[in-house]
Amino acid sequence: MTSPLPLALVQAPARPAGDLGSFASDLQRLARQRPAVRLFVYPELHLATPAPGTGSDGGPAVLEELAEPLDGPVDRQLAELAGDLGVWLMPGTLYERGDDGHVYNTAPVYSPDGRRVAAYRKICPWRPYETTTPGTEFVVFEMGQYGRVGMTICYDAWFPEIARNLTHLGADLIVNLVQTPTSDREQEVVLARANAITNQVFVASVNAAGPTGLGRSLLVDPEGRVRTQAPGAEDCVLTDVIDLGDTARTRRYGTAGLNRPWEQFRPGDASLDLPLYGGRIDPHTWGAGHDGSSRTERAETS
């Protein structure tokens, strides 16, 4: 049984790298104004965008200057901030210097007890423009009594395999942290709805406000309906209260009471080879949920 989740999607322009003081002040103000909100979400690179005049092309020299280990001082300050406010916090993404010496575009997540509970490295940098090293792991984490959340960053949304795997791992909500200043934001809005529809999962796509991004952040429910959306690039905060248990309802009864894609392949069906991946769809493992079964199956056996 899940609990209703009040959340805030903060569509704001990026802050100059290292500007944690004003970020903390802003988050404290928002938390006072919206005391019921349990999860605050910020856009991609919200705290890791070079200041004007230092270079903003995301090139190797800039990344080397901004990157720090995941457990560095920024991480500790963000964890402390989440703990002080008693909220779940996705502060955007940071340039992480891994133990292997590579630089990753990484999204940390902090819990109300002041701990980093997850960190996701962007699997699909927007090549050739982004020069960070691709991540190699899907990340889904437990968000207390609210449900399970999967992480994606910007261009990841263009690859349906990523959203599909996160849902298979049990995600009820997929968060996509975005910094898109280009005209293809129009397509990203469509993809947010498409990923929600095909996986029967909530999708939150949080873009930066102008001048960093084109905005149009949105929250989509498991049937593909837009619950709330910013009409343009204005600085704004989208709030809503969602029940991540709606994913189970949608999968049990179907989108619009009809479509149940997670019940399409069943034990006894022949496997379907997928030459592109060198793998296959195995009916025995097809399903939404980290144990390989569908939510419907688990609900009916519990």
Side-chain angles (χ1 to χ4, degrees), residues 1-7 9 36 38-39 41 88 109 118 138-152 156-157 159-176 189-206 218-229 238-272 274 279-302:
M1 193 76 176
T2 56
S3 299
L5 171 61
L7 78 172
L9 312 180
R38 296 295 86 209
L39 169 64
V41 184
W88 292 86
V109 182
F138 301 106
V139 173
V140 175
F141 69 94
E142 294 278 0
M143 194 175 162
Q145 72 269 32
Y146 302 111
R148 292 171 66 86
V149 180
M151 301 295 297
T152 63
D156 289 334
F159 298 86
E161 301 85 355
I162 295 178
R164 180 72 83 194
N165 275 279
L166 290 173
T167 309
H168 177 73
L169 292 171
D172 301 298
L173 164 66
I174 294 175
V175 176
N176 187 227
V189 170
V190 175
L191 288 169
R193 297 191 66 186
N195 283 325
I197 292 168
T198 57
N199 295 294
Q200 296 179 317
V201 65
F202 283 96
V203 171
S205 176
V206 188
L218 70 160
L219 176 65
V220 188
D221 78 6
E223 300 201 45
R225 296 173 296 210
V226 176
R227 292 182 58 100
T228 183
Q229 181 174 9
L238 302 178
T239 56
D240 202 347
V241 180
I242 61 177
D243 187 340
L244 298 188
D246 283 350
T247 57
R249 175 191 58 78
T250 302
R251 292 165 191 166
R252 178 169 187 144
Y253 296 105
T255 301
L258 296 169
N259 296 298
R260 301 170 71 196
W262 287 110
E263 303 301 325
Q264 176 62 29
F265 300 99
R266 301 178 181 180
D269 289 347
S271 295
L272 177 65
L274 300 174
R280 66 178 57 87
I281 291 176
D282 185 341
H284 291 279
T285 59
W286 180 263
H290 62 279
D291 60 1
S293 66
S294 70
R295 295 284 182 163
T296 302
E297 289 173 312
R298 285 188 287 166
E300 290 175 346
T301 57
S302 62

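This structure is a prediction, so every number in the text was calculated from the model and none was measured. FYI, side chains are in, hydrogens and waters are out, and symmetry mates aren't considered; it's all heavy atoms of this structure.
Side-chain atoms of Asn199 never come within 3.5 Å of backbone atoms of Val201 as a donor-acceptor pair (strictly under, hydrogens ignored). Arg193 places a side-chain N or O within donor-acceptor distance of the main-chain N or O of Gly224, the cut-off being under 3.5 Å. No donor-acceptor distance shorter than 3.5 angstrom exists from the side chain of Thr247 to the backbone of Gln200, with no hydrogens or angles considered. A donor-acceptor contact shorter than 3.5 Å is absent between the side chain of Trp88 and the backbone of Met143. One N or O on the side chain of Arg227 and one on the backbone of Val241 form a donor-acceptor pair closer than 3.5 Å. Of the possible donor and acceptor atoms, one in the side chain of Asp221 sits under 3.5 Å from a partner among the backbone N and O of Glu223. The closest donor-acceptor contact from the side chain of Asn165 to the backbone of Glu161 lies under 3.5 Å.
Taking 4.5 Å as the limit, every side-chain heavy atom of Thr2 sits out of range of all side-chain heavy atoms of Tyr146. Side-chain contact between Phe202 and Asp246 is present, with heavy atoms from C-beta onward closer than 4.5 Å. Residues Phe141 and Met151 meet the side-chain proximity criterion, which asks for heavy atoms closer than 4.5 Å. No side-chain heavy atom of Ile174 sits less than 4.5 Å from a side-chain heavy atom of Asn195. You'll find the side chain of Val226 stays beyond 4.5 Å of the side chain of Leu219, heavy atoms only.
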Quiz item: side chain to side chain contact (heavy atoms under 4.5 Å, CB included) between Leu7 and Arg38: does it pass, once the steps are laid out?
Solution: CA-CA 6 Å; Leu7 78 172; Arg38 296 295 86 209; over 6 Å; no

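Atom-to-atom distance recorded for Ile281:CD1 and Gln264:CD is 9.5 Å, nearest 0.5 angstrom. Atoms CZ and NE2, on Arg266 and His284 in that order, are 13.5 Å from each other to the nearest 0.5 Å. Annotation: the span from Ile197 atom CD1 to Thr255 atom OG1 amounts to 7.5 Å, rounded to 0.5 Å. Atom CG of Leu9 sits about 8.5 Å away from atom OG1 of Thr239, to the nearest 0.5 Å. Interatomic distance, Thr250 OG1 to Trp262 CH2, rounded to the nearest 0.5 Å: 13.5 Å. Atom CG of residue Leu218 and atom OG of residue Ser205 lie 5.5 Å apart, to the nearest 0.5 angstrom.
Salt bridge absent: Arg252 and Glu263 never bring a charged side-chain N and a carboxylate O closer than 4.0 Å. In summary, Arg148 and Asp172 do not engage in a salt bridge, as defined by a charged side-chain N under 4.0 Å from a carboxylate O.
For the residue pair Asp269 and Pro283, the shortest heavy atom distance occurs at O-CG, 3.3 Å. Between Ala157 and Leu191, the shortest heavy-atom distance links the atoms O-CD1, 4.0 Å. The two residues Asn176 and Thr152 come nearest to each other via the heavy atoms ND2-OG1, 2.9 Å.
Geometrically, Arg280 does not engage Trp286 in a cation-pi contact defined by less than 6.0 Å to the ring centre and at most 45° from the axis.
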